[in-house]
Amino acid sequence: MTLALRLTLAALSAALLLGAAPAQAQREGVAVGGNSGFTKLVPAGEIEQASRQQYAKMMQEAAAQKALAPASHPQLQRLRRIAERVIPHAVAWNPRAKDWQWEVNLIGSKQINAFCMPGGKIAFYTGILDQLQLNDDEVAMIMGHEMAHALREHARERMGKSAATNIGASLLSNLLGLGDLGQTVAGLGVDLLNLRFGREDESEADLVGMELGARAGFDPRAGITLWQKMAAANKGAPPQWLSTHPAGATRIADMERNLPRVMPLYERARKS
């Protein structure tokens with residue numbers, strides 16, 4: 001990479017940081033600041049369209065393998081009941097969420113895994129429910145965590161960073177207008193299901209997920225018991241969920257430190 005190109009990319013990064021969304025106003029609960037300015041490089045609609053396509057394909061493949069749970073499945077009904085309580089609190093974190101076509105599905109598999117793709121496309125694998133024997137509070141913490149990745153637009157941020165570092169000099173010359181960077185979305189060919197997020201994104205999703213669950217009346221302390229179960233499951237072959245959600249003592253310590261911020265939300269929700 002030439003010196004001129006490196007300097008231009010540095011200027012781009014600085015401009016994006018300056019243009020990042022302002023930090024949230026003081027509010028009860030956790031505060032994680034505004035979304036990354038890199039999200040501005042990739043249209044949200046492009047990401048959400050790709051998500052819908054990838055999710056639909058995955059559900060079709062699961063159905064073809066007779067692994068997609070029917071609407072009458074007790075565990076799927078349980079997941080959807082939990083989602084119905086959590087989803088109304090999503091809009092506070094991302095105004096676009098009110099227009100998302102939320103979906104919740106259950107896939108029969110021994111995998112210890114769950115996800116929420118951009119646009120509110122949620123799926124759990126039976127393995128994570130059965131092998132970890134999750135109670136509703138723990139399920140809500142997983143669901144809230146995965147929803148937080150979508151609400152905080154972590155996938156869009158990563159794609160924005162990729163666009164910023166991969167666009168050529170011809171696009172950089174049109175930087176002020178940002179050219180047609182949205183067209184890079186299809187070219188990036190990102191597998192939205194298997195993105196690996198950084199430690200900061202994971203910590204943020206933990207905290208936002210705890211708040212979402214607490215506001216919906218689920219005990220945020222379940223986030224700690226969840227990770228204790230995950231640690232126990234990790235003594236053998238690491239669960240697939242841990243390949244994209246690294247565990248550690250620091251993670252649990254962060255959650256314990258933030259409990260005083262979310263417990264009042266939980267107590268209030270229980271009384272309402």
Test of understanding: with side chain to side chain donor-acceptor pair (under 3.5 Å), list the residues that count as partners of R221, not counting sequence neighbours. D219
Taking the side chain as every heavy atom from C-beta outward, state whether M210 and Y266 have any pair of such atoms under 4.5 Å apart. no
Mind checking whether H149 and H145 have parallel, tilted or perpendicular rings, split at 30° and 60°? perpendicular
Correct closest heavy-atom pair for A71 and L76 would be CA-CD2, 3.9 Å
With Q131 via side chain to side chain contact (heavy atoms under 4.5 Å, CB included) - residues at least two apart: K110, I112
So how far is it from C116 SG to I142 CD1, rounded to the nearest 0.5 Å? 13.0 Å
Say you draw a straight line from CD of Q49 to CD of E46; how long is it, rounded to the nearest 0.5 Å? 6.5 Å
Before giving the answer on salt bridge (Lys or Arg N to Asp or Glu O under 4.0 Å), spell out for R96 and E48 the whole-Å C-alpha distance, their side-chain angles and the decisive distance to 0.1 Å. CA-CA 11 Å; R96 292 185 61 82; E48 291 164 15; 2.8 Å; yes
Whether R81 and E84 form a salt bridge (side-chain N of Lys/Arg under 4.0 Å from carboxylate O of Asp/Glu) is what I want to check. no
Contact summary for A114 and Y125, nearest pair of heavy atoms: N-CD1, 4.2 Å
Do F124 and V104 come close enough that some side-chain heavy atom pair is under 4.5 Å? no
With sequence neighbours excluded, tell me which residues meet side chain to side chain donor-acceptor pair (under 3.5 Å) with R78. Q75, D136
Determine whether a donor-acceptor pair (N or O, by modelled atom type, separation under 3.5 Å) exists between the side chain of K121 and the backbone of Q101. yes
Is there a donor-acceptor pair closer than 3.5 Å between any side-chain N or O of W102 and the backbone N or O of A97? yes
Contact between R80 and N105 at the side-chain level, heavy atoms closer than 4.5 Å - yes or no? yes
Do any N or O atoms from the side chain of Y55 and from the backbone of I122 form a donor-acceptor pair under 3.5 angstrom? yes
Given the rule in the side chain to side chain donor-acceptor pair (under 3.5 Å) test, do Q77 and S72 qualify, once you have shown the distances and angles that lead to the verdict? CA-CA 7 Å; Q77 291 180 347; S72 59; 5.9 Å; no
Distance col, row K229:NZ vs L132:CG, nearest 0.5 angstrom, shows 7.0 Å
What residues, two or more places apart in sequence or in another chain, satisfy side chain to side chain contact (heavy atoms under 4.5 Å, CB included) together with E256? I224, I252
Between V262 and E211, what is the shortest heavy-atom contact and its length? CG1-CA, 4.0 Å
If we only count heavy atoms from C-beta on, is the L129 to L106 side-chain gap below 4.5 Å? yes
R85 to F218, cation-pi by 6.0 Å centre distance and 45° axis angle: yes
Rounded to the nearest 0.5 Å, what separates atom CG in D99 from atom CG in N94? 10.0 Å
N/O donor-acceptor pair under 3.5 Å between N135 side chain and E138 backbone: yes
Flag the pair W93 / V208 as yes when at least one side-chain heavy-atom distance between them is below 4.5 Å, and no otherwise. yes
Value for CE (M117) from CD (Q53), rounded to nearest 0.5 Å, stands at 10.0 Å
Side chains of P220 and L259: closer than 4.5 Å at any heavy-atom pair? yes
Applying side chain to side chain donor-acceptor pair (under 3.5 Å) to T126 and not counting sequence neighbours gives none
Looking only at heavy atoms, which two atoms of A214 and A269 are closest? And how far apart? O-CB, 3.6 Å
For G209 and A148, which heavy atoms make the closest approach, and how far apart are they? N-CB, 4.1 Å
Taking all heavy atoms of S51 and all of P118, pick out the closest pair and write down the distance. OG-O, 2.6 Å
What is the distance from atom CE of M147 to atom CZ of R152, rounded to the nearest 0.5 Å? 14.0 Å
With side chains defined as the heavy atoms from C-beta onward, is the minimum distance between I107 and M58 less than 4.5 Å? yes
Is L151 close to W100 at the side-chain level, that is, under 4.5 Å between some pair of heavy atoms? yes
Contacts of D254 meeting side chain to side chain donor-acceptor pair (under 3.5 Å) (sequence neighbours excluded), chain-then-number -> R257
